[in-house]
Protein chains: 2
Amino acid sequence: MEAIGEKSALGSLSRPEARAEAHRCGCKPPNGLAAPDCLECAIKELSVCGALDPDEFEALERIGRSLCAPAKTTLFEQGREASFVYNLTSGALRLAKLLPDGRRQVVGFALPGDFLGLALAPTHMFTADAVSPVKFCQFPRASFSHLLMSKPHLLRRLMEIASQELTLAQEQMVVLGQRSAEEKVAAFLIGMRERYARLNGQCVYVPLPMTRLDIADYLGLTVETVSRTIARLAREKVFVVVPEGVRLLDVAKLKRIAEA
Amino acid sequence: MEAIGEKSALGSLSRPEARAEAHRCGCKPPNGLAAPDCLECAIKELSVCGALDPDEFEALERIGRSLCAPAKTTLFEQGREASFVYNLTSGALRLAKLLPDGRRQVVGFALPGDFLGLALAPTHMFTADAVSPVKFCQFPRASFSHLLMSKPHLLRRLMEIASQELTLAQEQMVVLGQRSAEEKVAAFLIGMRERYARLNGQCVYVPLPMTRLDIADYLGLTVETVSRTIARLAREKVFVVVPEGVRLLDVAKLKRIAEA
DNA sequence: CGATACTTTGACCGCCCTCAAGCATCGTGG
DNA sequence: CCACGATGCTTGAGGGCGGTCAAAGTATCG
């Protein structure tokens with residue numbers, strides 16, 4: 001998985017295949033290379049940007065760029081220098097840590113509004129791959145860090161997001177450490193539903209842009225167990241499996257399993 | 001487990017047994033009820049306070065109190081209102097989340113220098129119990145939060161700690177999700193060793209103030225498995241079990257197992 | 001259409017959990 | 001001082017959940 005454009009205008013984007021991002025992700029201008037239009041941004045209230053004044057938006061727009069990329073693009077890789085911080089505006093990312101022997105732990109999925117770069121570390125702590133076509137804003141880490149110190153509002157907001165993220169990580173520890181396969185899958189689906197509900201409103205359709213393997217590596221299970229568990233829950237009429245997701249039939253039952 | 005002194009000068013400390021904290025924890029004045037002496041604090045460089053100027057120390061001292069408590073004291077409980085934030089200066093705490101059916105996930109152990117209250121949430125996300133006699137500083141959450149906004153240095157430092165904590169939580173997800181029992185125990189011991197090394201300097205003796213059950217609930221295992229795994233590693237001469245901890249014999253081997 | 005990646009299903013097995021019992025340590029009270 | 005109960009730790013025997021291995025089915029894309 002070589003990194004193309006490490007020194008290109010795109011930053012450290014890379015893809016296993018190659019080229020032709022422009023028409024594949026449908027961005028105009030090609031690759032969506034443009035200053036972000038923060039005031040028009042659909043998810044700004046749900047994101048870091050939510051805490052900003054109009055003049056602060058301008059400061060952000062000046063240092064940032066709006067980009068897009070097709071599925072399977074690697075935004076950045078674990079261990080590499082963290083040159084940028086990111087804000088996802090559309091699509092979904094898989095955030096994963098790789099072990100030397102090939103095992104993988106997915107530490108989260110980023111959805112629109114999510115901020116990447118909370119770690120403030122000089123290198124990335126995990127790899128971020130697009131599991132669907134994505135749009136996102138990209139800010140040079142140094143500029144962003146500098147902006148932080150002059151805008152206590154922004155820093156405070158980032159701190160709130162970091163602590164929210166920490167709380168979520170601790171919830172996930174409970175899932176990984178204490179729950180059965182069925183409980184894990186149920187908790188995952190309820191979690192995804194709630195996250196999409198904040199974006200699109202409550203809905204019985206839960207999108208699952210990631211693969212079964214991604215889910216398995218997120219829950220500390222194998223693909224087979226995830227597949228079997230989903231199949232069983234579908235057989236028990238808790239939901240039906242539809243392309244790219246599930247349609248919930250018995251939300252109460254799913255919640256009961258998840259919160260067991 | 002009733003909370004004594006919810007409205008007392010001590011804040012929300014509670015213990016299953018009762019009274020007599022003064023001589024049992026050996027604090028003078030009784031209960032260690034005193035303004036903290038931040039400038040004299042042994043672990044200030046390793047803690048939040050590390051980022052402060054002398055005048056900022058004074059501000060902290062004004063709003064805070066130095067306290068101590070014997071083992072098994074509950075500093076605060078999951079779900080209760082978070083009236084205070086804390087800074088541990090001595091001893092160790094178990095931070096745990098309880099499931100409705102009695103299962104428990106230990107989300108971490110606090111050691112001297114660790115800050116509690118990063119979540120910035122109105123209620124506590126986990127229960128904090130002393131696993132050994134502890135000394136700590138306590139700050140009213142509102143005053144502390146207010147101080148934060150007037151001291152960008154302090155906020156920035158807290159943000160760094162939060163992101164460090166988040167990174168650690170993601171590491172722990174890898175341990176919980178991907179590693180075998182033996183790898184979990186090894187990773188735990190290496191982790192504890194490193195944390196104590198920052199406090200006391202590198203040393204082959206690793207203190208384990210918590211019980212086997214605490215370790216098990218931290219690693220997503222059972223007591224029996226933890227006990228058996230420790231016994232096996234001891235049999236293989238990786239370490240010897242000593243009161244309140246282990247003495248490492250083969251650090252390299254332990255690291256090899258942990259990082260597998 | 002053929003290649004590739006993803007998903008599902010089945011059969012088997014092993015790691016870790018469960019259940020049970022014995023042992024060590026410690027604080028308490030007679 | 002020792003008896004005791006409580007708490008924590010260890011060890012053994014057996015079973016089950018989820019992992020492993022294998023193969024077939026399905027969708028996607030060049």
Side-chain angles (χ1 to χ4, degrees), chain A residues 1 15-20 23-24 70-72 94 101-106 129 131-133 175-186 208-235 240-246 257 260, chain B residues 15-20 23-24 70-72 94 101-104 129 131-133 175-186 208-217 219-235 240-246 257 260:
Chain A
M1 207 173 279
R15 280 193 303 119
E17 316 101 57
R19 291 326 86 114
H23 73 276
R24 288 192 58 190
K72 309 205 178 182
R94 178 206 326 125
D101 63 1
R103 282 178 290 180
R104 194 181 67 156
Q105 176 66 38
V106 171
D129 301 293
V131 295
S132 71
V175 172
L176 287 169
Q178 304 299 325
R179 316 206 91 120
S180 69
E182 186 173 69
E183 290 169 350
K184 283 177 175 180
V185 170
L208 297 176
M210 68 293 291
T211 69
R212 299 287 188 262
L213 181 58
D214 293 336
I215 299 175
D217 285 347
Y218 181 58
L219 297 176
L221 298 172
T222 58
V223 217
E224 293 94 329
T225 300
V226 170
S227 180
R228 268 188 262 268
T229 306
I230 288 180
R232 176 154 28 85
L233 289 172
R235 215 176 304 128
V240 287
V241 179
V242 296
E244 303 276 289
V246 295
I257 298 173
Chain B
R15 279 193 305 121
E17 315 101 57
R19 289 324 89 111
H23 73 277
R24 288 192 59 190
K72 308 206 177 180
R94 180 208 323 125
D101 63 1
R103 282 178 290 179
R104 194 181 68 156
D129 302 291
V131 296
S132 71
V175 172
L176 288 169
Q178 303 300 325
R179 316 205 90 120
S180 68
E182 187 174 69
E183 290 170 350
K184 283 178 176 181
V185 170
L208 298 175
M210 68 293 290
T211 69
R212 298 288 188 263
L213 181 57
D214 293 335
I215 299 175
D217 286 347
L219 298 176
L221 298 171
T222 58
V223 215
E224 294 94 328
T225 300
V226 170
S227 180
R228 266 188 263 269
T229 306
I230 288 180
R232 177 154 26 87
L233 289 173
R235 214 175 305 128
V240 286
V241 179
V242 296
E244 303 275 291
V246 297
I257 298 173

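Just so we're on the same page: letters track the sequence lines, and every chain starts at 1.
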When you match B:Arg228 and B:Met210 each to their closest nucleotide on DNA chain D, which lands nearer the 5' end?
B:Met210
Can you tell me how far P of D:dT10 sits from CG of B:Leu208, to the nearest Å?
11 Å
Quick one: which of A:Leu219, A:Leu221, A:Asp214, A:Leu213 gives a side chain to side chain contact (heavy atoms under 4.5 Å, CB included) with A:Asp217?
A:Leu213
Given atom CG of A:Leu213 and atom P of C:dT7, what is their separation to the nearest angstrom?
8 Å
Can you check whether B:Thr225 has a side-chain N or O nearer than 4.0 Å to OP1 or OP2 of C:dC16?
no
Taking it one step at a time, do B:Leu233 and B:Val246 satisfy side-chain contact (heavy atoms from CB on, under 4.5 Å)?
CA-CA 11 Å; B:Leu233 289 173; B:Val246 297; over 6 Å; no
Apply side-chain contact (heavy atoms from CB on, under 4.5 Å) to residues A:Leu208 and A:Met210 and explain how you reach the verdict.
CA-CA 5 Å; A:Leu208 297 176; A:Met210 68 293 291; 4.1 Å; yes
Working to the nearest 0.5 angstrom, can you tell me the gap between B:Arg228 CZ and B:Glu182 CD?
14.0 Å
Would you check if the side chain of B:Gln178 reaches a backbone N or O of A:Gly220 as a donor-acceptor pair within less than 3.5 Å?
no
Grab the CZ-P distance between B:Arg212 and C:dC17 for me, whole Å please.
16 Å
Grab the CZ-C1' distance between A:Arg235 and C:dT9 for me, whole Å please.
10 Å
Closest contact, heavy atoms only, B:Glu183 versus B:Ile257
CG-O, 3.5 Å
To the nearest 0.5 Å, how far apart are CD1 in A:Ile215 and NZ in A:Lys184?
13.5 Å
Between C:dT8 (C1') and A:Ile230 (CD1): distance, integer Å
11 Å
Could you state the CZ-C1' distance from B:Arg94 to D:dG8, rounded to the nearest angstrom?
13 Å
Could you work out how much the helix from C:dC1-D:dG30 to C:dG30-D:dC1 bends, comparing the axis of its first five pairs with that of its last five, to 10°?
30°
Rounded distance in Å - CG (B:Leu176) to P (C:dC16):
13 Å
C:dC19 base to B:Glu224 side chain: any donor-acceptor pair below 3.5 Å?
yes
Exam field: side chain A:Thr229 to backbone A:Thr225, donor-acceptor pair closer than 3.5 Å:
yes
Which whole-number value in Å describes the distance from A:Lys72 NZ to C:dT4 C1'?
9 Å
Heavy atoms only: give me the nearest A:Ala234-A:Val241 pair and the separation to one decimal.
CB-CG2, 4.3 Å
With a non-hydrogen cut-off below 4.0 angstrom, is B:Ser227 in contact with a base, only sugar-phosphate, or nothing?
base
Using atom names, set out every protein N or O paired with an N or O of nucleotides 25-27 of chain D below 3.5 Å, distance rounded to 0.1 Å.
none

